[in-house]
Amino acid sequence: MAAGVARLLRALRPGAPPVLSRPVSSMSPVSPVPSGSPRELQTLRVVQERPHVLHLQLHRPSKRNALNLQCWRELVQAFQDISEDPSCRAVVVSGAGSAFTAGIDLADLGSIVAQLPDDDAARRAWALRRRILEFQESFSAMEKCPKPVIAAVHGACVGAGVDLISACDIRFCSQDASFQVKEVDGLAADVGTLQRLPKIVGARGGLVNELALTARVMRAPEALSCGLVSRVLPDKETLLEVALGVASVAARSPVAVQGTKINLVYARDRPVSEGLQHVATWNMAMLQTEDIPKSVQAALDKKGPEDVPFAKL
């Protein structure tokens, strides 16, 4: 048996001796992201809640976290930075105050149209299209981020809030949560709900059509039953605790976790055969990681992933 284990470890990392367990270094307490971060954020708060786990909070509580132009820009900036931060391995997104978000700030919506060039219709249309694509990137940046993004929704999640959580990898909510695709009251939703929500809850049965065409409110039990969220928690405090606990996926190999997310997103919009080809090409490099023999050694030593000192990625 021992000889077989030794051969497995050598095969997983040729030329290297079996990995020995090492104690985990002491972890820093909960603290804000260092002031040396490349950008200052006005509408968001980003805090390191646990080792390798960031908590990003929509932070305009007096406005029920309505997304103004500054917030749309900062979401892109924040997730670009998070994507490049080797010390971050998972993110929890929540809202400050009584609601997750009231959706787009209507005061800013009018200014977008007012700022269009005083030109012919075609040029105004091109300018407006560029703005819409910029708004789309605010949430696509979350989907493109290789780190798992977990949405923790409490209270109202309206309009653009549904677009936002649709771009997250995992969604939990509290019992008081409600969801509303509100855009149909004035326009067609154009930053992700109509494209991503059917992939999450399925297009059969017409639920997405009903929500998008009627703007009716969906409560937490229905969100759970249709698969929009995977857990409903009794209150906001419990919700955040559970979401941060699930973010402990950050303790696992970042090569494995980030590769899993990238391949899940890739396969979502493609045939199974194409997804299989992609993951085969992906793993022809990633299977050579030192993280595999480290994980095998930890399992043999009856230790969890949190006891393995995986290198930053």
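Given the structure is predicted, the values throughout are model-derived calculations rather than measurements.
His278 and Asn263 form a side-chain donor-acceptor contact under 3.5 Å, judged by distance and modelled atom types alone. Using a 3.5 Å distance cut-off with no hydrogens or angles, the side chains of Arg45 and Ser94 do not pair a donor with an acceptor. Side-chain contact of Asp163 with Thr193: a donor-acceptor pair under 3.5 Å is present, judged by distance alone.
With rounding to the nearest 0.5 angstrom, the CD atom of Glu137 is 7.0 Å from the CD atom of Gln80. Here the CG-CZ distance, from Asp81 to Phe79, works out to 11.0 Å after rounding to the nearest 0.5 Å. Atom CD of residue Glu74 and atom CD of residue Gln42 lie 6.0 Å apart, to the nearest 0.5 angstrom.
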Evaluate the criterion side-chain contact (heavy atoms from CB on, under 4.5 Å) for residue pair Phe135 and Val76; output intermediate values, then yes/no.
CA-CA 9 Å; Phe135 282 123; Val76 176; over 6 Å; no
Would Gln277 and Arg270 satisfy side-chain contact (heavy atoms from CB on, under 4.5 Å), going step by step from the backbone distance to the final call?
CA-CA 11 Å; Gln277 287 290 329; Arg270 295 173 173 84; over 6 Å; no
Run the side-chain contact (heavy atoms from CB on, under 4.5 Å) check on Leu44 and Cys71 step by step: do they pass?
CA-CA 7 Å; Leu44 308 174; Cys71 186; 3.9 Å; yes
Checking Val255 against Ile292 for the side-chain contact (heavy atoms from CB on, under 4.5 Å) test, could you report, in this order, the C-alpha distance in whole Å, the side-chain angles of both residues, the deciding distance, and whether it holds?
CA-CA 10 Å; Val255 173; Ile292 296 177; over 6 Å; no
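Atom CD of Glu237 has 12 or fewer heavy atoms from other residues, nucleotides or ligands within 6.0 Å. Enclosure of atom CH2 in Trp126 is not indicated, since only 12 or fewer non-hydrogen atoms of other residues, nucleotides or ligands lie within 6.0 angstrom. Residue Glu134 qualifies as enclosed at atom CD: its count of foreign heavy atoms under 6.0 Å is above 12.
Remark: side-chain polar atoms of Gln175 are not paired, donor with acceptor, to backbone N or O of Ala220 under 3.5 angstrom. A donor-acceptor pair is defined here as one N or O able to donate and one able to accept, closer than 3.5 Å; such a pair exists between the side chain of His154 and the backbone of Gly97. Judged by distance alone, the side chain of Arg171 and the main-chain N or O of Ser230 form no donor-acceptor pair under 3.5 Å. The main-chain N or O of Leu69 is found under 3.5 Å from a side-chain atom of Asp108 such that the two form a donor-acceptor pair. A donor-acceptor pair under 3.5 Å links the side-chain atoms of Asp176 to the main chain of Gly155, judged by distance alone. Formation of a donor-acceptor pair under 3.5 Å by the His52 side chain with backbone atoms of Cys88 is not found in this model. Under the 3.5 Å distance criterion, the side-chain polar atoms of Gln180 are matched with a main-chain donor or acceptor of Ala215. Using a distance-only test at 3.5 Å, with no hydrogens or angles considered, a donor-acceptor pair links the side chain of Gln288 to the main chain of Met284. Not one N or O on the side chain of Thr289 forms a donor-acceptor pair closer than 3.5 Å with the backbone of Met286. Here the side chain of Lys147 pairs a donor or acceptor atom with the backbone of Ile82 at under 3.5 angstrom.
Relative ring orientation between Phe139 and Trp72 is described as tilted, the plane-to-plane angle lying within the 30° to 60° band.
Looking only at side-chain heavy atoms (C-beta outward), Arg89 and Val257 stay at 4.5 Å or farther from each other. Counting heavy atoms from C-beta on, the side chains of Arg130 and Leu133 never come closer than 4.5 Å. No side-chain heavy atom of Val208 sits less than 4.5 Å from a side-chain heavy atom of Ile200. At a threshold of 4.5 Å between non-hydrogen side-chain atoms, the residues Gln70 and Arg73 count as touching. At a threshold of 4.5 Å between non-hydrogen side-chain atoms, the residues Gln48 and Val53 do not count as touching.
Considering every non-hydrogen atom in both Pro305 and Arg252, the closest pair reads CB-CG, 3.8 Å. Among all heavy-atom pairs drawn from Ala160 and Leu67, the shortest one is CB-CD1, 3.8 Å. The two residues Pro61 and His59 make their nearest non-hydrogen contact at CD-C, 3.3 Å.
With salt bridges taken as basic N to acidic carboxylate O contacts below 4.0 Å, one links Asp269 and Lys199. Salt bridge Asp120/Arg123: present, at least one basic N to carboxylate O contact under 4.0 Å. Between Lys261 and Asp169 there is a salt bridge, since at least one side-chain N of the basic residue sits less than 4.0 Å from a carboxylate O of the acidic one. A salt bridge does not link Arg50 with Glu306: none of the charged nitrogens is closer than 4.0 Å to a carboxylate oxygen. Between Arg219 and Glu222 no salt bridge is recorded (no basic side-chain N to carboxylate O distance below 4.0 Å).
When hydrophobic clusters are built by joining Ile, Leu, Val, Met, Phe, Trp and Tyr residues whose side-chain heavy atoms come closer than 4.5 Å, directly or via intermediates, Leu239 is grouped together with Leu244. When hydrophobic clusters are built by joining Ile, Leu, Val, Met, Phe, Trp and Tyr residues whose side-chain heavy atoms come closer than 4.5 Å, directly or via intermediates, Ile170 is not grouped with Val93. Residues Val232 and Phe179 share a hydrophobic cluster, clusters being chains of Ile/Leu/Val/Met/Phe/Trp/Tyr side chains in contact below 4.5 Å. Both Leu56 and Ile165 are members of a single hydrophobic cluster when ILVMFWY side chains are connected at heavy-atom separations under 4.5 Å. Linking ILVMFWY side-chain heavy atoms closer than 4.5 Å, directly or via other members, places Phe100 and Val46 in a single hydrophobic cluster.
Only one option out of Asp105, Thr43, Asn65 pairs with Arg60 in a side chain to side chain donor-acceptor pair (under 3.5 Å); it is Asp105. Exactly one residue among Leu233, Leu240, Thr238 makes a side-chain contact (heavy atoms from CB on, under 4.5 Å) with Lys236. That residue is Leu240.
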